[in-house]
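One structure is given below, encoded as C-alpha cells.
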Amino acid sequence: MSALASAVAVVVADEGTPFDLPSINYSAIAPILIIFGAAIVSVLVEAFAPRRARRPMQLVIVIGSVIAALVVVISLAGTRLVTAEGAIAIDGPALVMQGTLLVVSLLGALLMAERGIDPLGDAFAPRASTLPGSEDEKQFTQRGYLQTEIWPFFLFALTGMLVFPAANDLLLMFVALEVMSLPLYLLAGMARRRRLLSQEASLKYFLLGAFSSAFFLYGTAMLYGFSGTVSLVGIADALSAKPSEGALVAIGMALLLVGLLFKVAAVPFHQWTPDAYQGAPTPVTGFMAATVKIAAFGALLRVLYVSLGGMRWDWEPMLWIIAVLTMLVGSIVAVTQTDIKRMLAYSSIAQAGFILVGVLAVSPEGLSSSMFYLIAYAFTTIGAFAVVSMVRDANGEATHLSKWAGLGKKSPLVASIFAVFMLALAGIPLTSGFIGKFGVFTAAVASGAVWLVIIAVVASLIAAFFYARVIVLMFFSDPGPDTASVVVPSTFTTIALAAGATVTIVLGIVPQPVLELVSNAGIFIR
Amino acid sequence: MTELMPAEGVFSLIWVLIALPLAGAAILLFGGRRTNSWGPYLGVLTVAASGVIGVLMLLGMMQNSPEQRTYGQTLFTWVFSGSFQADMAFQLDQLSIIFVLLITIVGTLIHVYSLGYMAHDDNRRKFFGELNLFVAAMLLLVLANNYLLLYVGWEGVGLASYLLISFWQHKPSAAAAGKKAFIINRVGDVGLSLAIMLMFVTFGSVGFQDVFGVADQASEGTLTAIGLLLLLAACGKSAQFPLQSWLLDAMEGPTPVSALIHAATMVTAGVYLIVRSNVIFTAAEWAAVAVIVVGLITMWMGAIIGSAKDDIKKSLAGSTMSQIGYMITAAGLGPIGYVFAIFHLLTHGVFKAGLFLGAGSVMHGMNDNVNMRRYGALRGVMVITAGTFIICYLAIIGIPPFDGFFSKDDIIHASFERSPIIGILAMLAAGLTGFYMTRMVAMTFFGKARWEDDAHPHESPKVMTIPLIILAIGATFLGMALVYWGNIESWLEPVTGVETVELALPSWVYELTTLVLVLIGAAIAWVSYARRDVPVEAPHGSWLTRAAREELYGNQVNDALVVQPTYYTSRLLVWFDNKGVDGFVNGSAAFVGGLSGRLRRYQTGFARSYALSMVGGAVLVVLALVLVRMS
C-alpha cells in the first residue's frame with residue numbers, strides 16, 4: 001500500500017499533474033456531443049416534466065438537436081483530423097455518413113412522432129411494462145396515454161450511430177456499437193399492436209445482438225494480443241511489420257468481421273433481420289433499417305480499408321463468398337415471402353450484399369460508390385416503411401401481401417409512390433437505386449471482380465422479380481373485400497414520405513451533386 | 001469519326017421530340033379523371049407534333065452534306081464520378097432520324113386507330129398515357145448519345161410494354177403475360193448492363209463517339225464478349241431465340257399495342273442496338289457470326305410457329321419473330337447487311353402495323369374472337385379491311401412492287417454475298433412466309449363463312465380504317481421510294497458503311513428464284529385453306545404442327561431451365577431457414593422441457609437456432625481466413 005502511495009507521489013512529483021488531459025478537438029465532435037447532450041436532457045424531461053408537456057418538449061429537443069447537429073456537420077465539411085487521443089477520426093467519409101444519418105434520423109423521428117394513423121394513438125405501446133392483453137394495458141390505452149420514453153432511446157441510439165463510423169479504435173467502436181444497439185433492442189419491443197410478436201422480436205434481436213457483440217469483442221482481444229493496441233492504424237502498422245504471423249490475426253480478424261457483418265445483416269448472420277423487422281413497430285423498423293445499415297457499413301469500411309487493408313488478399317475470398325451468399329439468399333428467399341415487412345427485410349439483406357460488392361472493390365471508387373448506395377438505399381427504405389405504416393385494416397397494419405392486392409386502384413398515389421420505391425430497390429433507371437447499383441458494380445469491375453458483378457447482376461434480376469410482383473399485385477389485381485386501405489397521415493409522415501420519394505427520384509435523374517459529394521469526401525484518414 | 005454538328009435551328013428541338021410524349025404521359029397518368037374527356041386527343045397530338053418536328057428535321061438534314069448530318073445536343077451532365085461520365089445528351093443522325101420517323105408516324109396512326117378501337121374502354125385515358133410513355137421511352141432509346149442513356153430508354157420501353165401488355169389486367173392471362181415479358185426482358189437487360197460496364201472498363205467511356213473511336217484498340221476477345229452481351233440484350237427486346245417466348249404471350253394486350261410495340265417499334269430496338277454498335281460487331285467476327293445464327297434460328301422458328309397457330313394475332317406474332325430474324329441476320333452480315341436490316345425494319349414497320357391493325361379490325365367485327373377457324377369469307381363484309389390487309393400481305397411475302405419485295409430481296413442478296421448457306425436458308429424461309437401468310441389470308445377473307453352464331457361481322461369505323469388505308473399506301477410505295485427516289489443505301493452509308501460483293505449469278509436469278517418459292521408456298525396454302533373446307537376444330541396434325549402450336553416448346557424450356565429451379569431453390573432456402581434448423585432445435589427444446597408456456601419455448605428455440613447458424617457461419621469464416629492465411 002505504501003509502495004503504491006509512494007509511486008503515485010513520485011509521478012505527481014515528476015510530472016507536476018497526476019494526469020495528462022487528453023487533447024480533444026471539441027468542435028470536431030460537436031455533432032456527437034449535441035445529440036448526446038440532448039439525450040441526457042431528454043431523460044431529465046422524462047423524469048421531471050409533467051406528462052402532458054413531455055411529448056411537445058421531447059419533439060422540440062429531438063428535432064432541434066438533430067437539425068443543430070446537422071448544421072454543425074455541414075459546417076465541418078473539409079475537416080480531416082484524428083482527435084481524442086486517436087480514438088475518433090473525423091474525415092470526409094465520416095462526415096458524409098454522419099450527415100446522412102442525421103437527415104435520415106430526422107425522417108425516422110417524423111415517422112415515430114406520427115399520431116394520426118392509428119386511431120388509438122401512435123405506433124407504440126402506451127406502457128411497455130404492462131402485460132400484453134392485461135387489464136392494465138386496456139386502462140392505459142383507454143386513457144390515451146402516449147409513451148415518450150422512446151425519444152431518449154432514439155437519441156442514444158443516434159449517438160452510437162454517429163460515433164460508429166467515426167471510431168478509430170476498436171474499443172470505442174465497441175462502445176459505440178453497444179450505445180447504438182441497446183436502445184434499438186428496446187425500441188423494437190414497443191409496438192402497440194401485436195405486442196407478443198414485438199417483444200419476441202426484441203428479445204431475439206437482443207440475444208443475437210449480444211452474441212454478435214461477444215464475437216466483436218473477442219476479435220478485438222485477439223487483435224490486441226497480436227499487436228498490443230486497439231487503434232485501427234496501430235493494428236495496420238503491426239500487420240505490416242510482421243505480416244507472416246498466422247492464426248491469431250486470422251481468428252481475430254474473422255471474429256471482428258462476424259460482429260460487423262451481423263449488424264449489416266449479411267448471410268449467414270442475417271436470420272434476426274426478418275423477425276426483428278417484422279416485430280418492431282414500423283416506424284422503428286424504417287428508422288433502424290435505414291440507419292443501422294449506414295452506421296455499420298461505415299464501421300465495416302473503416303475497419304477493412306484502414307486497419308485490414310494490407311491483408312486484403314486474406315479476407316477478400318471470404319467476403320466474396322459472403323457477398324454472393326447474401327445477394328442470392330436475400331433475393332431468392334424474398335421471392336416466397338408473403339408478409340411485406342419480411343419481404344422488405346430480405347430485400348435489405350440482398351441490398352447489403354450489393355453494397356458488399358462495392359466494399360470489395362477496395363478502392364476510392366468502391367468507398368464512394370458504397371456511400372452513394374447507402375444514401376440511396378436509406379431514403380428509399382424509410383419511404384417504403386412509411387407507406388407500410390399507412391396501409392391498414394381494422395386490425396392495424398395490413399402487412400400480408402394479399403391485402404395489398406388492388407391497392408393501386410383504391411389509392412393510386414400512395415401505391416405509385418410505393419411502386420417507385422420498389423423500382424428503386426430493383427435498380428431500374430431514373431431512380432436512385434439504378435445509379436447506386438451501377439456505381440458499385442462499375443467500381444467492382446474496375447477492380448477486376450468481374451465474376452462477382454456477373455453474379456450480382458443475376459441476383460438483381462431475381463430481386464427484380466419480387467419487387468415487380470408487388471407492383472403487379474397492387475396495380476393488376478382488382479381490390480377485394482380484404483384489400484387494406486390507406487390512412488391519410490398527419491404532416492409528420494407526409495413529410496417523411498415526400499422526402500423519401502423525392503430523393504429517390506431526384507438521385508436517379510440528377511445524381512451529380514451527391515456523386516460529387518461522395519467522391520470529394522475522399523478516403524479514410526489514417 | 002464524324003464530327004458532331006451543333007444542334008441549332010430545328011435541331012435544337014431534339015429534346016422536345018421526347019419531352020412532348022413524356023409530358024403527355026405525365027398529364028394523362030397523373031391528371032386523374034379530369035382529363036378523361038380530352039386526354040386521348042392530347043395523347044394523339046403530342047405524338048403527331050413530335051412527328052412533325054421529326055419531318056422538319058429530316059428536311060433540314062437533307063440540306064447538309066452527308067458528313068454533316070450528325071447533330072449533338074447536351075442537356076446536362078447526368079452522372080459524373082471519378083473518370084466515369086454520362087451526359088443527358090442526344091445524338092441525331094441518319095440512323096436515328098429513320099427511327100424517329102417510324103416511331104412517331106406509325107405511332108400517330110396507331111394512336112388515331114386506338115381512338116376507335118378503345119372507344120368503349122373505361123380506362124381509355126390510362127391507355128393513351130401509357131402509349132405516350134412508350135413512345136417517349138423509345139425515342140429516348142434511339143436518340144441517346146451514350147449507352148447508359150440508351151439503357152434508360154431501353155428499360156422505359158420494357159416498363160411501358162409491361163404496363164400495356166397487362167392493360168386488360170382483369171384477365172389473369174394478361175397480367176401473367178405482362179410479367180413474363182418484363183422478366184424475360186430483364187434477362188436481356190442483364191446483357192446490356194454487363195456490356196456497358198465492360199465497355200467502360202475497356203474504353204473508359206460509354207459515349208457512342210468515344211467507344212467507336214477507340215473500339216479497334218481493344219482485344220478481339222473483349223470485343224467479342226461485348227458483342228455477345230449486346231446480342232443477349234437484343235434477343236430479349238427483339239424476341240430472338242432463346243428469349244423469344246414472351247412475344248406470343250404479349251398478344252394478350254390490346255391489338256393497337258401489338259401493332260405499335262410488337263411489330264413496328266419495340267422489337268426493333270434490338271436491331272437498332274446491333275446496327276448502332278456496328279463498329280464493335282465489324283471488329284468482333286465471332287460475335288457477328290453468333291448474330292447470324294440467332295437470326296436464322298429465329299427466322300425459321302417464327303415461320304414454323306406462324307404456320308400452325310390458329311389465333312390470328314399469334315400467327316402474326318410468329319411472323320414478326322421471323323421477319324425480325326431476317327433483320328438480325330442482315331445485321332450480322334456486317335457492312336453488306338446493316339443498311340438492309342434497317343431498310344427491312346422500315347418496310348416491315350409499315351406493313352406489319354397494317355397487318356396487326358387489320359387483324360384488330362377483323363376482331364372488332366367478330367366479337368374479339370381471334371380464332372381464324374371461325375373466320376372465312378370476310379372479304380365481302382369488310383371491304384376496306386380486306387383490301388388493305390391484302391396489300392400488306394403482298395408486301396410481307398415480297399411481291400413486286402410492294403415494299404417488302406425490295407427490302408427482303410436485298411437481305412437475301414446480301415446473305416448470298418456472305419455465304420450460299422445463309423442465302424439458301426433465307427430464301428427458303430421466304431417461301432415459308434408465302435405459305436403462312438397465304439394461309440392466314442385464305443382462312444380469314446376467303447373460303448366459306450365459319451362464323452359463330454352470334455357474330456355479326458361489320459366494317460370498322462372510319463377512325464380505324466383511315467390509318468389502315470394510309471399504312472397500305474405506305475406499304476405500296478415506300479419500297480420504291482427508298483430505292484429509286486431517296487436512296488437509303490447512300491443515306492445510311494456514313495453511319496453504317498456499305499460494302500458489296502460480286503455474285504456469281506446476275507441478281508435477277510436470285511429475285512426470280514425467291515419469287516417462285518414464295519408463289520409455291522402461297523399456292524400450297526391456297527389449295528389447302530381456300531379451296532378445301534377448313535374444319536372448325538383444329539385437326540390433330542403432325543408432330544411438327546403440334547410442336548409449332550406449342551411454340552416449339554420455348555415455354556417448357558424456359559420453365560425447366562429457369563423458372564422451376566428458381567422456385568425450388570427459393571422453397572429449399574425457406575425450408576432451411578424455417579424448418580431445417582428450427583426443427584432440430586425445437587425438437588431438442590422439447591426434451592429440455594419448459595419453464596414457461598409453449599409459445600415462449602418456441603421463441604427460445606428460434607433464437608437458439610439463429611445463434612447456432614451464426615456460430616456455424618463464424619466457424620466457417622474463421623476457417624476460411626485461417627486456411628487462406630496458412631496456405
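Order of the sequence lines fixes the chain letters, A, B, ..., with proteins taken first and strands second; residue numbering starts at 1 for each chain.
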*Tell me, side chain or backbone of A/Ala266 under 4.5 Å from chain B's heavy atoms, or both, or neither?*
neither
*Could you check if a side-chain atom of A/Met371 sits within less than 4.5 angstrom of a side-chain atom of A/Leu367, using non-hydrogen atoms only?*
yes
*Within a radius of less than 6.0 Å around CZ of A/Phe206, do more than 12 heavy atoms belonging to other residues, nucleotides or ligands occur?*
no
*Check whether A/Ser331 gets within reach of chain B through its side chain, its backbone, both or neither, counting any heavy atom under 4.5 Å.*
neither
*Side chain, backbone, both or neither: which part of B/Phe182 has a heavy atom under 4.5 Å from chain A?*
side chain
*Side-chain contact, heavy-atom cut-off 4.5 Å: B/Lys237 with B/Leu192?*
no
*For chain B, which of A/Trp313, A/Phe438, A/Phe475, A/Phe215 has the most heavy-atom pairs under 4.5 Å?*
A/Phe438
*With respect to chain A, which residue among B/Phe167, B/Phe30, B/Tyr162 yields the maximal number of heavy-atom pairs within a distance under 4.5 Å?*
B/Tyr162
*Residue from A/Val450, A/Val457, A/Val445 passing side chain to side chain contact (heavy atoms under 4.5 Å, CB included) with B/Leu194*: A/Val457
*asked:* Are the side chains of A/Met318 and A/Ile322 in contact, using a 4.5 Å heavy-atom criterion?
replied: yes
_Are the side chains of A/Ile428 and A/Phe434 in contact, using a 4.5 Å heavy-atom criterion?_
no
_Segment of A/Ile321 engaging chain B (4.5 angstrom heavy-atom cut-off)_ = neither
*Heavy atoms, side chains only, cut-off 4.5 Å: are A/Leu255 and A/Phe216 in contact?*
no
*Give the member of A/Ile471, A/Val458, A/Thr442 that has the highest number of heavy-atom pairs under 4.5 Å with chain B.*
A/Thr442
*Hey, does B/Val257 have a side-chain heavy atom less than 4.5 Å from the side chain of B/Glu130?*
no
*Measure distances from A/Tyr205 to the heavy atoms of chain B and classify the residue's part below 4.5 Å as side chain, backbone, both or neither.*
neither
*Checking heavy atoms, do the side chain of B/Ile196, its backbone, both or neither come under 4.5 Å from chain A?*
side chain
_chain B contact via A/Asp478 - side chain, backbone, both or neither, heavy atoms under 4.5 Å_ = side chain
*Measuring heavy-atom distances to chain A, does B/Val201 have an atom under 4.5 Å in its side chain, in its backbone, in both, or in neither?*
side chain
*asked:* Which atoms of A/Leu208 are under 4.5 Å from chain B, going by heavy atoms: the side chain, the backbone, both sets, or neither?
replied: both
*Are B/Leu148 and B/Phe200 side-chain neighbours, meaning at least one heavy-atom pair lies under 4.5 Å?*
no
*asked:* Between A/Phe372 and chain B, with a heavy-atom cut-off of 4.5 Å, which part of the residue counts as in contact: side chain, backbone, both or neither?
replied: neither
